[in-house]
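Working notes, structure below.
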Amino acid sequence: MRQAVIGAVLLAVGAVCVALGLLPLPELGALAARVLPVLGFVLGLTIVSELAADAGVFDRLADVAARVGGGRTIGLWGAVVVLAVLCTVFLSIDTTAVLLTPIVITLARRVGLPPMPFALTTVWLANTASLLLPVSNLTNLLAVDKIGLDGPLPFAGLMVWAALAGVVVPCAVLLVVFRRSLFGRYTPVGLRKAADPVFFWAASAVLVALVVALTAGVEVWVAAVAAAVLLVVVAAFRAPSELKPSRVPWSTLVFAAGLFVVVETLHATGITDPVVHALAGGTGSGSLLLLGGAGAVAANAIDNLPAYLVLEPAAGHEALRYAALLVGVNAGCLITPWASLATLLWHARLTAEGIHLSWGRYIALGCIVAPLTVVAGVFALAI
């Protein structure tokens, strides 16, 4: 609700800026052409992920992870890491933070293990593993056209080593911090049966088709909206009670739309020019690290999405500089609670599950893992 209110205020401010001529209509039209497909993707993917969770798809994946772990805690944790990475890469950061987190917590409790290492794994990897594909993070979708790469595979080719660093470094820190909890044994559990097998298999098929379409280069908003429509039709017959207006991510859409308009006004009026000029540079290691570091600092100060939008012109139409900025805002947003909307949503799910993690401890751990991940990611790009 708070996000929706902030978004409404931002939209109102943006409307005033347009009325006053601070944001000319041609720039507003160009902005709409750029961001409406992105918002369409967010809408479609959110609905697909929510309905797939209702159908029990993520529960089944968690049970499979428990079987794969083979009774060893480190094996189960490794399976959760793989599940979180795949979920983030193909279904976006929010899906992992919001939908996978409670499922992983339930899984840990079912096998008698402390849930905190698994819960922290999901939120860290939701952010840091979101570097590989355009669909993994909203910032990536905004950057991909600017970079000038044709399709998801060239984007992955640019980001693959930074994305790998974004997985390896947080996992290494987690292994050190939770070394006493992650080495032991548990009793494997059986696979839970889906409440409605037809709904389960239909949702599974839609998810697989969506992942294939997104990887094959189909227009992301077209693939996501088509998948959402298809799954809504299935749910209308198999689970009509799950079709609620609250499933539409109204607050996220309003917040993002308002933010886009306000930041574009800042660019149009030249307010952000001093920051952009201060970060101007080439593609050497030092310049890339400066831009990535600035992205991380800005993300932890004002949230990663506005941080990317404000600093985007500093990339200067250089692919490596866009990549370094993405490393900063995506992998560096692990310190403050508001650095990523996914983190706030994750903490709300944690509280709903009865698990307490103080923001003080979260910030302390973030001060360790965020700088290490950003530096490793940027140097992975540079070499």
Side-chain angles (χ1 to χ4, degrees), residues 1-3 5-6 73 77 80-81 84 88 93-109 113-131 137 139 165-184 251-252 255 292-308 327-377:
M1 183 61 70
R2 182 180 300 175
Q3 186 189 22
V5 172
I6 295 174
T73 307
W77 178 74
V80 169
V81 167
T88 301
I93 172 178
D94 290 338
T95 301
T96 301
V98 177
L99 296 179
L100 189 61
T101 293
I103 291 168
V104 167
I105 290 172
T106 300
L107 171 64
R109 285 171 168 166
L113 295 175
M116 183 56 71
F118 299 92
L120 199 59
T121 296
T122 59
V123 72
W124 277 5
L125 292 180
N127 288 287
T128 63
S130 66
L131 289 167
N137 199 314
T139 54
V167 173
V168 171
V169 175
C171 286
V173 174
L174 286 163
L175 275 173
V176 172
V177 173
F178 295 105
R179 59 191 178 278
R180 294 181 180 177
S181 301
L182 292 178
F183 292 92
S251 59
T252 300
F255 174 76
V297 171
N300 285 289
I302 61 173
D303 184 85
N304 64 342
L305 180 56
Y308 172 79
V327 169
V329 298
N330 291 355
C333 60
L334 300 179
I335 299 176
T336 58
W338 56 84
S340 164
L341 172 62
T343 300
L344 291 174
L345 296 174
W346 167 83
H347 194 267
R349 292 299 173 102
L350 220 61
T351 302
E353 294 290 335
I355 297 176
H356 175 71
L357 173 65
S358 69
W359 283 125
R361 188 185 183 199
Y362 181 86
I363 290 170
L365 290 172
C367 286
I368 297 172
V369 70
L372 292 175
T373 308
V374 171
V375 170

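All figures in this text were calculated on a predicted structure; none of them were measured in a lab.
Across all their heavy atoms, A307 and G295 have their closest contact at CB-O, 4.3 Å. Considering all non-hydrogen atoms of both residues, A339 and N300 come closest at CB-OD1, 3.4 Å. Of all heavy-atom pairs spanning A165 and P170, the tightest one is O-CD, 3.8 Å. Nearest heavy-atom pair, P114 versus P117, reported as atom, atom and distance to 0.1 Å: O-CD, 3.3 Å. Considering every non-hydrogen atom in both A331 and V374, the closest pair reads C-CG2, 4.1 Å. Taking every heavy atom of both residues into account, A376 and V169 meet most closely at CB-CG2, 3.8 Å.
In this structure, the separation between CD1 on I335 and CD1 on I363 is 8.5 Å, given to the nearest 0.5 Å. From N330, atom CG reaches atom CG of N137 across 4.0 Å, with rounding to the nearest 0.5 Å. To the nearest 0.5 angstrom, S340 atom OG is 8.5 Å from L334 atom CG. Atoms SG and CH2, on C171 and W77 in that order, are 4.0 Å from each other to the nearest 0.5 Å. In this structure, the separation between SG on C367 and OH on Y362 is 11.0 Å, given to the nearest 0.5 Å. W359 CH2 to T343 OG1: the interatomic distance, rounded to the nearest 0.5 Å, is 6.5 Å.
Side-chain contact check for L365 versus L120: some heavy-atom pair is nearer than 4.5 Å. Side chains of L125 and T96 form no contact here, defined as non-hydrogen atoms less than 4.5 Å apart. For the pair I355 and R109, the minimum side-chain heavy-atom distance is below 4.5 Å. I93 is listed as a side-chain neighbour of N127, based on a closest heavy-atom distance under 4.5 Å. A heavy-atom distance below 4.5 Å is found between the side chains of L175 and L182.
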Yes or no on side-chain contact (heavy atoms from CB on, under 4.5 Å) for W124 and T373, after CA distance, side-chain angles and deciding distance? CA-CA 11 Å; W124 277 5; T373 308; over 6 Å; no
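A donor-acceptor pair shorter than 3.5 Å cannot be found between the side chains of T139 and N304.
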Tabulate below the donor-acceptor pairs under 3.5 Å that side-chain atoms of residues 344-354 make, not counting sequence neighbours, or state none.
unit_1 : atom_1 : unit_2 : atom_2 : d
W346   : NE1    : A119   : O      : 3.0
H347   : NE2    : L357   : O      : 3.0
R349   : NH1    : V98    : O      : 2.9
T351   : OG1    : H347   : O      : 3.0

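Qualifying ring pair (Phe, Tyr, Trp, His ring centres under 6.0 Å) partners for W338, counting only residues two or more places apart in sequence or in other chains: none.
The only option from L107, L113, L174, I105 that meets the side chain to side chain contact (heavy atoms under 4.5 Å, CB included) definition with F118 turns out to be L113.
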